[in-house]
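So the structure is just underneath, and the comments pick up after that.
All heavy atoms count here, side chains included; hydrogens, waters and symmetry mates do not. Note on naming: letters A, B, ... go to the chains in the order of the sequence lines (proteins, then strands), and numbering restarts at 1 for each one. Just so we're clear, the structure is a prediction, and the values are computed from it rather than from any experiment.
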2 protein chains.
Amino acid sequence: MPPATAAPYQRVKQYLKQGLARGRWAAGALMPSEAELVARFEVSRMTVNRALRELQSEGLVERVQGVGTFARSLDAVSSTLTISDVHEEILSRGHSHEARVHLAREEEASVSVAAQLSLTPGERVFHTRIVHLENGVALQCEDRWVNPAEAPDYLQHDFTQVTPTQILFASTQLWRAVYHIEASRPTRLEARLLGIAANAPCLVVVRRTFSRIGPITAVRLVHPGDRYMLQGEFAP
Amino acid sequence: MPPATAAPYQRVKQYLKQGLARGRWAAGALMPSEAELVARFEVSRMTVNRALRELQSEGLVERVQGVGTFARSLDAVSSTLTISDVHEEILSRGHSHEARVHLAREEEASVSVAAQLSLTPGERVFHTRIVHLENGVALQCEDRWVNPAEAPDYLQHDFTQVTPTQILFASTQLWRAVYHIEASRPTRLEARLLGIAANAPCLVVVRRTFSRIGPITAVRLVHPGDRYMLQGEFAP
DNA sequence: CAGTGGTCTAGACCACATA
DNA sequence: ATGTGGTCTAGACCACTGT
């Protein structure tokens, strides 16, 4: 369906991409200058400039003012890893999702929770603990703490019908998130809620999200290692 | 150090980004058209077009020809996850790296290895098994199979001095990679090589990389759960 | 039809690096 | 001084959408 004649900037891009894929320019090698490409493709400089800028933002080339454009080595396989809403994820596999709410209340922030949400220990925080089941099998234990200042009506929802992620996306402005992924054993409580052995390996995702003002939420997602996997792909 | 007067396209971008962060345009809302921004900032259309195109490639807005530009909801926290070379990673922490080579040979591809590398079972493959130590502590057990067609001299290296990743980046043209991350127990062999308990949770990364022609390598990286963690960040 | 984004041009001025 | 990239302009034509 693409038109027989691709846009000029696309043709330039493709020419350079192919050359990179075929090793015409080794990593670090000097690539054609904008002027050369203008001559070769008989287009304006803005056009080749756009092609090169996009390759740069894709991480394929490096440009240095006053010097030139260089082929970049893909010395780090980097990929976009998407951590999406459990509900969507399960439905997208064509399976059924059920949420069991084990806890949904206001409590006093512990020292560690306070630190994560930039509160002082003892301040009020919302705390929910929900187990998500895929086709009746426990997939994830979600322990979440929410800064009341960011989502005052967080607890006024029916968590069996809507996930915390959905609530928070709708009611707050996400600005930044940090996370880490590790393998560890579940706590005793988590093991019981997930119905797994106490020493079963689990994939644990810990994530904190922030609005422009401050922390919104901290969450610990525990998945039985044999039921969950993160996947990704990288392609230029 | 940035000049007092940022580039016009940067000013336009920043104006829009701030508006998005502050909720001036809710997710899905119609944003100013190019013409409006041209008038407001008194710049040419190419300039606001660039600002909008970049926001689009950053995933912050969605543009529909003939309709308009819309604020996107960040309904999936996605982040670039970088899987880098162990050697670099350890050195960047200021620690020492040591590689213990337990295996480096040519062997016949098993059914599963053959499938991963698009070979037929029984064909020759290179197989290395290396344990990487950080400050003397085992951090990663790397089991790697390499397609000889892509890197014929793979085995002619001293793996205590250079990592397979470095060799393969230098000698092949990476085109595509797929991976998954899971938590599981180590095999008995891996537990022994890493010096951990047989039921210790491990973070396992399985990755396959491809050139334009075909599979280059398949690798299984096993990390003791209490010594390794993947980290990431997301920010607009 | 009018309004939107998609793209291109032919020139321009600037900052920077190298010789 | 020359060559490189960084950026901007004022206009243009097109494809698409909705009324």
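Judged by distance alone, the side chains of Glu150(B) and Thr172(B) never bring a donor and an acceptor atom under 3.5 Å apart.
At dT7(D), none of the side-chain N or O atoms of Thr47(B) fall inside 4.0 Å of OP1 or OP2 (strictly under the cut-off). Checking the phosphate oxygens (OP1, OP2) of dC8(D), no side-chain nitrogen or oxygen of Tyr9(B) falls inside 4.0 Å. Between Ser44(B) and dC8(D), a side-chain N or O to OP1/OP2 separation shorter than 4.0 Å is absent. Listed pair Thr69(A) / dG5(D) meets the phosphate criterion, a side-chain N or O lying under 4.0 Å from OP1 or OP2.
When each of His97(A), His87(A), His95(A) is checked for a ring-ring contact (aromatic ring centres under 6.0 Å, His included) with His132(A), only His97(A) meets the rule. Here the rule is side chain to side chain donor-acceptor pair (under 3.5 Å) with Tyr9(A), and of Arg53(A), Arg50(A), Glu54(A) only Arg50(A) fits it.
The main-chain N or O of Ser33(B) is found under 3.5 Å from a side-chain atom of Glu36(B) such that the two form a donor-acceptor pair.
For the pair Glu34(B) CD and dA2(C) P, the interatomic distance rounds to 20 Å; values are reported in whole Å. dG5(C) atom C1' lies 11 Å from atom CZ of Phe70(B), rounded to whole Å. When rounded to the nearest whole Å, the span between CZ of Phe41(B) and C1' of dT9(D) equals 17 Å. The distance between atom CD of Glu36(A) and atom C1' of dG5(D), rounded to the nearest whole Å, is 13 Å. Atom-to-atom, CD of Gln65(B) to P of dA2(C) comes out at 18 Å; the value is rounded to the nearest Å. At whole-Å resolution of the value, CG in Leu30(A) and P in dT4(D) are 9 Å apart. One can place CE of Met46(B) at 13 Å from C1' of dG11(C), the figure rounded to the nearest angstrom. Here dT4(D) presents its P atom at 14 Å from CG of Asn49(A), a figure rounded to the nearest Å.
When each of Arg53(A) and Gly66(A) is assigned the nucleotide of DNA chain D with its nearest heavy atom, Gly66(A) is the one assigned upstream, toward the 5' end. Each of Val67(A) and Val43(A) has a nearest nucleotide on DNA chain C; the 5'-most of these lies closest to Val43(A).
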Could you please spell out the steps behind the ring-ring contact (aromatic ring centres under 6.0 Å, His included) verdict for Tyr154(A) and Phe159(A)? CA-CA 10 Å; Tyr154(A) 175 66; Phe159(A) 293 105; 5.1 Å; yes
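Across all strands shown, Arg45(A) has heavy atoms under 4.0 Å from base atoms, whether or not it also approaches the sugar-phosphate.
The Arg63(B) side chain lies nearest to dG6(C) when the options are dT4(D), dG6(C), dT7(C).
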